[in-house]
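Take a look at the structure set out below.
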Amino acid sequence: MNSAEIRDKFLKFFESKGHTVVRSSSLVPGNDPTLLFTNSGMVQFKDVFLGSDKRNYVRAASVQRCLRAGGKHNDLENVGYTARHHTFFEMLGNWSFGDYFKRESLKWAWELLTKVYGLPADKLWATVYQTDDEAYDIWTKEIGLPPERVVRIGDNKGAPYASDNFWQMAETGPCGPCSEIFYDHGPEIWGGPPGSPEQDGDRYIEIWNNVFMQFDRQLDPATGEYTLTPLPAPCVDTGMGLERLAAILQHVHSNYEIDLFQALIKAAARETGETDLSNASLRVIADHIRATSFLIVDGVIPGNEGRGYVLRRIIRRALRHGHKLGQTKPFFYKLVKDLVEQMGAAYPELPEAAQRVEMVLKQEEERFGETLEHGMKILEAALAANTGKLDGETAFTLYDTYGFPLDLTADICRERNVELDEAGFGAAMERQKNAARAAGKFKMAAAIEYTGDKTKFVGYEALAQQAKVVALYVAGSPVQKIDAGQDAIVVLDTTPFYAESGGQSGDAGALEASGGLFAVADTQKIQADVFGHHGQLIKGSLAVGDTVQAKVDADQRARTMRNHSATHLMHKALREVLGVHVSQKGSLVDADKTRFDFSHNAPMSAEEIRRVEEIVNREVLANVATGAKLMGYDDAIAAGAMALFGEKYGDEVRVLSIGTSTELCGGTHVERTGDIGLFKIVSEGGVAAGIRRVEAVTGEGALALVQSLSSRVAEAAAALKTQPEELLPRIGQVQDQVRALEKELAALKSKLAASQGDELVTQAVDIKGIKVLAATLEGADVATLRETMDKLKDKLKSAAIVLASVKDGKVSLIAGVTADATGKVKAGELVNFVAQQVGGKGGGRPDMAQAGGTEPAGLPDALKGVSDWVGAKL
């Protein structure tokens with residue numbers, strides 16, 4: 001049974017049991033800053049379990065793509081060398097949200113495994129939490145699993161409920177026992193059953209975990225102990241690794257032997273020229289093409305921070321293994337088409353983005369050679385200190401930040417007779433792993449406690465609405481009444497105020513009551529469908545149950561709507577001008593501007609900016625009506641609507657049509673494109689690797705910008721004594737004059753350097769056959785210092801020289817050593833000796849090095865010490 005059939009049978013089985021099949025969510029958790037990546041199937045249902053979101057179904061099933069790059073059981077460095085370590089994997093899961101519980105979950109699991117997939121019943125084992133008699137009885141008395149193959153697992157981590165078979169979302173909150181299902185690979189493979197001393201062997205492999213969210217765990221402040229209270233609506237969360245199940249169904253022991261991986265391993269062999277298909281490097285490459293491709297599909301771009309850093313690290317690990325196999329030319333990106341062939345049918349977003357994935361991967365491969373070159377420069381500078389040992393921190397920085405292979409660092413150290421501090425490298429690596437584990441933990445976000453009905457939003461149709469106050473909060477705590485001068489959050493049963501979402505800022509305005517006036521400064525969601533009106537009570541009082549007239553600031557809303565509507569038109573224009581690889585990476589729309597981040601690997605040219613402005617303003621002039629309608633998500637995507645990166649969508653979505661743009665959007669918009677008035681880009685620049693940012697204005701803001709620019713042009717023309725239409729030729733004339741003066745200045749500096757060089761020759765001191773000179777050149781810049789250095793080396797023949805200059809309180813230093821003397825005196829060490837005495841540090845090549853400092857008062861004594869320092873080296 002191949003991987004595609006396994007996915008299909010899983011979903012169809014649970015669909016037959018009344019489950020709604022839910023599509024895989026992105027590897028980037030939607031609206032969840034607490035997780036770096038989606039690491040399990042339950043992540044997209046987190047808000048449901050926490051009670052802040054409610055779906056129109058109570059049973060769900062999915063095949064979720066997951067990423068675990070680091071962590072206790074998913075060490076990146078083990079991927080490719082063990083049978084079951086992966087960065088990317090697929091999780092088969094089914095869920096019950098207060099519907100069925102243990103009996104159905106376990107019986108359906110058994111039915112699917114034994115009847116649908118046809119696994120031998122005598123090969124299956126189960127575990128339960130030590131006190132979970134209910135699950136134990138279901139396994140032994142109802143399903144019929146022999147008691148000797150149902151293992152009770154106790155607390156093994158020194159604390160109550162600290163067990164592999166007891167799941168907790170956090171220190172407090174939802175929790176409950178687990179029941180894991182294991183497959184016995186047979187006595188020919190070493191290992192013991194779960195709970196035994198040999199449980200870490202490979203004979204018994206966990207394939208499915210059923211988590212039963214049964215209790216609410218809270219700390220009793222009186223006793224300092226935790227208490228478990230039964231949840232009113234217990235839930236089920238299960239997960240089964242597709243790769244592990246496929247290995248069993250295809251009668252192989254290693255995940256890398258299944259059909260999907262064998263195809264990718266053969267593709268890696270084809271592109272690297274490796275003939276041994278058992279080579280671990282091929283497994284690494286096959287694993288990493290899945291992880292990197294799907295990360296790029298989900299909008300992650302290689303970078304030096306956060307998700308981009310993880311992506312870059314995985315890519316470079318794959319490339320290092322390609323280099324180990326002798327492939328130094330770009331090859332990794334060529335595997336994308338093979339991945340599409342294997343997984344494109346299950347994940348249609350993959351073939352749609354394949355061209356962009358190839359482009360990003362190829363660019364990273366081309367940069368890899370540059371990375372090695374840059375790493376060599378850093379390593380050379382570190383080795384120039386000649387301490388006989390390279391510290392572990394430097395080696396780790398090379399490895400972790402620049403992707404410089406540790407084995408290459410070790411080889412170079414051996415060539416230079418330098419000891420590598422491998423223990424220090426290991427300590428730095430462990431700190432990084434600990435930080436990654438801490439970052440990956442599931443944290444509960446603090447939120448205002450609200451248990452009432454959701455807010456009814458009427459802001460699409462009205463800017464004023466009579467409403468009732470249903471809750472009040474001061475400093476995060478609920479209150480029944482507020483008085484004048486108090487800052488508070490007001491929750492209404494109905495509101496015309498738009499709460500910040502999808503990049504659009506929240507509305508401002510006022511809540512008018514018979515006994516008070518509340519000024520709303522901002523509107524934010526305190527739960528998925530509950531709006532909080534943040535502000536201050538200006539006069540009177542306001543109490544829960546009061547009736548208010550909620551009035552949105554119409555002018556601010558109108559300006560925000562113009563900017564938001566223009567953002568959609570701009571997004572489409574950017575894709576038209578720059579390419580379909582452009583996708584939104586973030587946005588901020590308020591009354592003053594629209595700020596839009598998007599994927600693109602080069603700065604926009606002036607012509608490209610002009611074309612985007614032209615396309616948007618053409619849409620504005622067309623003055624067509626905008627429209628919005630609710631549709632099913634899949635129907636909306638099939639109809640051509642674009643979903644935006646980082647947004648979390650429900651099963652029913654709002655589809656906005658504005659001009660020729662169709663996107664999913666819940667924001668507020670103009671009625672006709674002409675209402676935008678005028679669109680003008682203010683700035684364009686880079687914010688991260690592969691991410692550009694455009695800021696633009698509309699309406700009155702655009703008019704004010706144009707008038708300001710016109711005024712500046714007139715002022716510039718007046719300053720240059722010309723007319724605005726003659727400004728460019730006049731600027732050209734001024735530039736020509738400046739270049740002529742700069743050329744004249746450079747010639748004078750060269751003459752000055754030559755004359756100073758002639759004078760300094762006589763100041764050189766002979767030490768053991770080497771001319772030593774340390775001097776200050778008044779007013780010299782770095783270029784002059786270099787030119788003077790070259791002349792002095794030519795004249796002194798065999799010499800060690802330090803030249804310095806001081807400008808604006810900063811010291812510039814340059815050291816030079818002639819080739820015959822670099823065996824004993826290194827320019828990098830010499831300049832560093834001087835720099836350390838003037839508040840700086842430096843290094844460089846043995847024959848030429850540069851440094852700086854911030855303490856010019858120490859320069860005379862530092863230069864005096866050069867002769868003694870060189871003498872000691874000789």
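Treat the numbers as computed from the prediction; the structure is a model and nothing was measured.
Taking the side chain as every heavy atom from C-beta outward, Phe88 and Cys66 never approach each other to under 4.5 Å. In this structure, the side chains of Trp125 and Ile181 stay at 4.5 Å or more apart for every pair of heavy atoms. Inter-residue side-chain proximity for Leu245 and Phe10 is flagged as unmet; no heavy-atom pair is nearer than 4.5 Å. Within the 4.5 Å cutoff, the side chain of Arg654 has no heavy atoms near those of the Leu664 side chain. When side chains are defined from C-beta on, Pro29 does not count as touching Gln44, because their heavy atoms never get closer than 4.5 Å. In this structure the side chain of Val530 reaches within 4.5 angstrom of the side chain of Val491, judged on heavy atoms. Side-chain contact between Ser501 and Lys525: present, with at least one pair of heavy atoms (C-beta onward) separated by less than 4.5 Å. Counting heavy atoms from C-beta outward, Val474 and Asp487 have side chains that stay 4.5 Å or more apart.
Ion pair Arg65/Glu349 flagged as a salt bridge, since at least one NZ, NE, NH1 or NH2 atom sits closer than 4.0 Å to an Asp/Glu carboxylate oxygen. We find that Glu243 and Arg290 are joined by a salt bridge, their nearest charged nitrogen and carboxylate oxygen being less than 4.0 Å apart. Ion pairing of Arg152 with Asp132 is absent here, as no side-chain N (NZ or NE/NH1/NH2) approaches a carboxylate O to less than 4.0 Å. Using a 4.0 Å cut-off between a side-chain N of Lys or Arg and a carboxylate O of Asp or Glu, Asp493 and Lys468 do not qualify as a salt bridge.
Note that OH of Tyr226 is 11.0 Å distant from OG1 of Thr223, once rounded to the nearest 0.5 Å. To the nearest 0.5 angstrom, Thr38 atom OG1 is 9.0 Å from Leu67 atom CG.
A donor-acceptor pair shorter than 3.5 Å can be found between the side chains of Asn94 and Tyr100. Judged purely by distance below 3.5 Å, without hydrogens or angles, the side chains of Thr238 and Trp95 never pair a donor atom with an acceptor atom. When only modelled atom types and interatomic distance are considered, Thr227 and Asp220 share no side-chain donor-acceptor pair under 3.5 Å. A donor atom on one side chain and an acceptor atom on the other are found under 3.5 Å apart for His533 and Thr495. For the 3.5 Å distance criterion, the side chains of Asp202 and His185 fail to qualify, holding no donor opposite an acceptor. Looking only at atom types and distance, the side chain of Asp522 has a donor-acceptor partner in the side chain of Gln524 under 3.5 Å away. Side-chain atoms of Glu90 and Tyr347 form a donor-acceptor pair, as typed in the model, at a separation below 3.5 Å. Side-chain polar atoms of Asp155 and Tyr129 form a donor-acceptor pair below 3.5 angstrom. Side-chain N/O atoms of Ser24 and Gln64 include a donor and acceptor closer than 3.5 Å.
For Phe182 and Tyr204, the gap between ring centers reaches or exceeds 6.0 Å. When ring centroids are compared, Tyr473 and Tyr450 stay outside the 6.0 Å threshold.
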Decide side chain to side chain donor-acceptor pair (under 3.5 Å) for Asp216 and Thr229; before the verdict, give the C-alpha distance in whole Å, the side-chain angles of both, and the deciding distance to 0.1 Å.
-> CA-CA 5 Å; Asp216 179 21; Thr229 304; 5.7 Å; no

Carefully, step by step, assess Phe45 and Phe97 under the rule ring pair (Phe, Tyr, Trp, His ring centres under 6.0 Å).
-> CA-CA 10 Å; Phe45 301 113; Phe97 309 116; 5.3 Å; yes

Evaluation steps, side chain to side chain contact (heavy atoms under 4.5 Å, CB included), between Phe166 and Ile153 = CA-CA 9 Å; Phe166 196 90; Ile153 302 295; over 6 Å; no

Stepwise, does the side chain to side chain donor-acceptor pair (under 3.5 Å) test hold for Asp529 with Gln527?
-> CA-CA 6 Å; Asp529 295 304; Gln527 289 181 12; over 6 Å; no

Steps toward side chain to side chain donor-acceptor pair (under 3.5 Å) verdict (Ser105, Asn210) = CA-CA 7 Å; Ser105 180; Asn210 286 253; 2.5 Å; yes

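Across all their heavy atoms, Asp483 and Leu537 have their closest contact at C-CD2, 3.3 Å.
Within 6.0 Å of CG in Asn2 there are more than 12 heavy atoms belonging to other residues, nucleotides or ligands. Taking a 6.0 Å sphere around OH of Tyr136, one finds it holds more than 12 heavy atoms contributed by other residues, nucleotides or ligands. More than 12 heavy-atom neighbours from other residues, nucleotides or ligands sit within 6.0 angstrom of NZ on Lys17. Within a 6.0 Å sphere centred on NZ of Lys123, heavy atoms belonging to other residues, nucleotides or ligands number more than 12.
Under a 3.5 Å cut-off, the side chain of Gln199 and the backbone N or O of Gly195 do form a donor-acceptor pair. Between the side chain of Ser96 and the backbone N or O of Arg59 there is no donor-acceptor pair closer than 3.5 Å. With hydrogens and angles ignored, the 3.5 Å screen pairs a side-chain donor or acceptor of Thr455 with a backbone N or O of Phe531. The closest donor-acceptor contact from the side chain of Thr127 to the backbone of Glu180 lies under 3.5 Å. In this structure, Tyr57 contributes its side chain and Val21 its backbone to no donor-acceptor pair below 3.5 Å.
Using the six-membered ring where Trp is involved, Phe14 and His19 have ring planes that are perpendicular, over 60° apart on the 30 and 60° scheme.
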